[in-house]
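A, B, ... follow the sequence lines: proteins, then strands. Residue 1 opens every chain.
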Amino acid sequence: MSKYSLSIRPFGVHAILIEWPNKVEEEILDDILQFNFYLKSNCLNVAKWEIVPAYNSLTLILKEKPINFNKLKNKLLEWYSVAIKVTSEPKYLWRLPVCYSLEYGIDLEEVSDKLQMSVSDLIHLHTSHQYTVYGIGFLPGFMYLGGLPKRLEVARKATPRLKVNKGAVGLAGKQTGIYPQESPGGWNIIGNCPVSMFNAQKQDPCFVRVGDKVQFYEIAQSEYDLRTIESEVGIYKHEKILLDA
Amino acid sequence: MLKVLKSGFYTTVQDQGRLGYLNKGVPVSGFMDSFSASKLNLLLDNDPNAAVIEVTMTGPTLEFEADTYICFGGAEFSITLNNKPLQNFKVYKIQKGDILSYGRLLKGFRNYLAIKKGFNSPKVLGSRSWYFPLTSQSHFKDQAYVNYEACSSYNPKISEWHIDSFIDETILEVTRGPEFEFFNPKDLERLFTQEFSIAKDYNRMAYQIEQKINGHKISMLTSATLPGTVQLTPSGKLIILMKDGQTTGGYPRLLQLSDKAISILAQKKYGDFVSFKLS
């Protein structure tokens, strides 16, 4: 490995931050995830360490005791220099259904005006791209998705809503995503995804992992109703495709 | 069972928190003032992760439906058991039908009620800490119940604890956050010389600070945040993330509070003063 020069900095006494160049790039994300996998399989006790990947960083957290920063920093640099390209965790493309009706897409018409694009062109463009999951955070199961086509970039709403529905699919700047639960929010809402992004009753509560890809496809109200029930009772079958490493 | 006759402002069940799901966006949650809560579990010979009730600003009235032992501590409230006044950090025997009542808040902001063997609210992702919508409840409503195992005989090794109260402490010990070095030291001068007060927005997710410092134009990619992370917004506002805080954020992480400093801050309310000190 050793492709990038890493910046390693202390983050309180219980955490350490490893940072890659300040860019949104899939190559960087891949390098981070490979190093993450190497650390988990060869170096760190995964029962004790939590590792949070996001965009250009890995944060390692050890709750039980303070970290010896200098010692760990040197070890990490050494591990990074010897880490060979190992088989990383498998990555998937998740196909997620979205109902883009005006009932759910409450900002659909406004966004279509702003972008000077018909609603159907907007939906076509939003569903024809694969988005990369660069991070999961902010709320349980919230994905930071990258790869939005430039033509869909629209400023977030001037005044955030106090309540955005669970499943709402939004656009804001260079980002698109799904609100995994009801929350306040300033994104432009263009549809709703009936599939729960987070299920606290499951051992693995969020099926998506950082590095996976997501593609939306349009569904009608009738299918939306069906998928909602399937998701609620836990029999919804995810459409996923294994991606080449 | 413990019956909640009156719920108080924001009364929840908390343990040490939910570990292992930060990479799925799940906050740690758990005792805001872990210093006080841990002392109470120790006093009752409980598992350090035993769940306690966290009381915020105005406390509940509670009826015990089985014998047990309790102790409470943290913020100072006038607390009575069947109208008889009790004190913080002391073990009391409880009999079926006893009524514990939180009165006026005297000092601090959060009090913890620990019970022998802990409260048995359901575990979600390995923790009993309430965090809605992971757990079905965000905080107690009137006439709610929470389970505990009865205990009719227990000899506490120590029945009382005189701990130095830190409720009056205002100095928050911090270390430099990951983005600290990106700032011009001149812009941060005021950070360690002036006092700051708690703004109106403060809860289990975050404490906002009233006084602004110099703003900035530092742009960074979203990255992990922790309880105790002090973020600086472009307009110069300081936001201190707490136990239910978001797991990632895009603002520079200027400082990181020590564990003890998080407990000290958890006892502060609107208008209270704090200052930062590098350790």
Side-chain angles (χ1 to χ4, degrees), chain A residues 7-17 19-24 28 36 46-61 63-64 66 69 134-144 166 175 180-183 197-210, chain B residues 16-30 34 48 122-127 131-136 173-182 205 218-230 244-250 253 255-262 279:
Chain A
S7 162
I8 301 182
R9 308 199 294 278
F11 186 0
V13 294
H14 293 296
I16 190 165
L17 174 77
E19 215 171 64
W20 276 253
N22 186 24
K23 279 185 248 175
V24 181
I28 290 177
N36 183 8
V46 288
K48 293 182 174 170
W49 287 85
E50 289 212 53
I51 311 183
V52 185
Y55 288 102
N56 69 328
S57 66
L58 265 187
T59 303
L60 315 183
I61 302 137
K63 190 78 196 301
E64 66 172 20
F69 172 74
Y134 278 97
I136 297 174
F138 168 54
L139 291 170
F142 180 87
M143 302 177 286
Y144 290 92
K166 178 187 171 191
Q175 290 186 293
Q181 66 190 53
E182 188 186 298
S183 83
M197 291 309 297
F198 195 88
N199 183 344
Q201 303 312 319
K202 287 194 172 164
Q203 183 76 38
D204 185 1
C206 174
F207 54 90
V208 171
R209 274 194 296 232
V210 174
Chain B
Q16 286 183 317
R18 200 163 271 115
L19 300 177
Y21 300 95
L22 284 176
N23 62 350
K24 300 293 187 186
V26 180
V28 181
S29 301
S34 58
K123 269 193 184 178
V124 178
L125 297 178
S127 165
Y131 172 77
F132 183 80
L134 260 66
T135 54
S136 57
E173 213 167 73
V174 295
T175 51
R176 292 178 178 89
E179 278 72 52
F180 186 93
E181 61 190 68
F182 297 171
M205 287 193 271
I218 292 170
S219 137
M220 55 173 272
L221 291 165
T222 290
S223 184
T225 50
L226 299 170
T229 299
V230 183
D244 287 351
Q246 56 191 67
T247 58
T248 56
R253 296 156 289 190
L255 304 170
Q256 181 66 33
L257 267 61
S258 71
D259 292 346
K260 184 71 188 287
I262 295 174
S279 62

Could you tell me which of [options] has the largest number of non-hydrogen atom pairs under 4.5 Å with chain A?
options: B:L226, B:D259, B:L221, B:N23; value: B:L221
options: B:T222, B:L255, B:V28; value: B:T222
options: B:G126, B:S258, B:G20; value: B:G20

Self-check item: Counterpart residues, salt bridge (charged side-chain N to carboxylate O under 4.0 Å, His left out), relative to A:K48 (two or more places apart)
Solution: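 Result, salt bridge (charged side-chain N to carboxylate O under 4.0 Å, His left out) vs A:K48: A:E64.
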
Quiz item: Picking from A:P10, A:P180, A:G135, which has the most non-hydrogen pairs under 4.5 angstrom with chain B?
Solution: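 Sorted descending by pairs with chain B, the first entry is A:P10.
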
Quiz prompt | Among A:A54, A:S57, A:A200, residue most engaged with chain B (heavy-atom pairs, under 4.5 Å) | solution =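 Among A:A54, A:S57, A:A200, the one with the most close pairs to chain B is A:A200.
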
Exercise. Using the test ring-ring contact (aromatic ring centres under 6.0 Å, His included), find all partners of A:F11 that sit at least two apart in sequence or belong to another chain.
Key: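 If we apply the ring-ring contact (aromatic ring centres under 6.0 Å, His included) test to A:F11, skipping adjacent residues, there are no hits.
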
Counting only non-hydrogen atoms closer than 4.5 Å, does [X] touch chain B with its backbone (N, CA, C, O), its side chain (CB onward), both, or neither?
X: A:I16; value: neither
X: A:E182; value: neither
X: A:V208; value: backbone
X: A:F198; value: side chain
X: A:K166; value: neither
X: A:D204; value: side chain

If I measure from the heavy atoms of chain A, does [X] come under 4.5 Å with its side chain, its backbone, both, or neither?
X: B:S279; value: neither
X: B:E181; value: side chain
X: B:V26; value: both
X: B:T175; value: side chain
X: B:Y21; value: both
X: B:T225; value: backbone
X: B:Q246; value: both
X: B:L19; value: both

Self-check item: salt bridge (charged side-chain N to carboxylate O under 4.0 Å, His left out) between B:K260 and B:E173, intermediate numbers included
Solution: CA-CA 8 Å; B:K260 184 71 188 287; B:E173 213 167 73; over 6 Å; no

Quiz item: When the ring centroid of A:Y55 is compared with that of A:Y134, is the distance short of 6.0 Å?
Solution: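 Ring centroids of A:Y55 and A:Y134 are less than 6.0 Å from each other.
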
Self-check item: Ring centres under 6.0 angstrom apart (A:Y144, A:F142)
Solution: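 That pair passes the under 6.0 Å test.
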
Practice problem: Would you mind checking if B:R253 and B:E179 are paired as a salt bridge, meaning a charged N to carboxylate O distance below 4.0 Å? | Solution: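 Looking at B:R253 together with B:E179, the answer is yes, because their closest N to O distance falls below 4.0 Å.
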
Using every non-hydrogen atom in the two residues, find where [X] and [Y] come nearest and quote the distance to one decimal.
X: B:T135; Y: B:V124; value: CG2-CG2, 3.9 Å
X: B:S219; Y: A:N22; value: O-ND2, 3.7 Å
X: B:K24; Y: A:R209; value: NZ-CG, 3.6 Å

Quiz item: Are any of the side-chain heavy atoms of B:F132 and A:Q181 separated by less than 4.5 Å?
Solution: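 B:F132 does not reach A:Q181 side chain to side chain.
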
Quiz prompt | Name of the residue among A:I61, A:T59, A:L60 meeting side-chain contact (heavy atoms from CB on, under 4.5 Å) with A:E50 | solution =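 In the set A:I61, A:T59, A:L60, the residue that makes a side-chain contact (heavy atoms from CB on, under 4.5 Å) with A:E50 is A:I61.
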
Quiz prompt | Enclosure of B:M220 CE (heavy-atom neighbours >12, cutoff 6.0 Å) | solution =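 Enclosed.
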
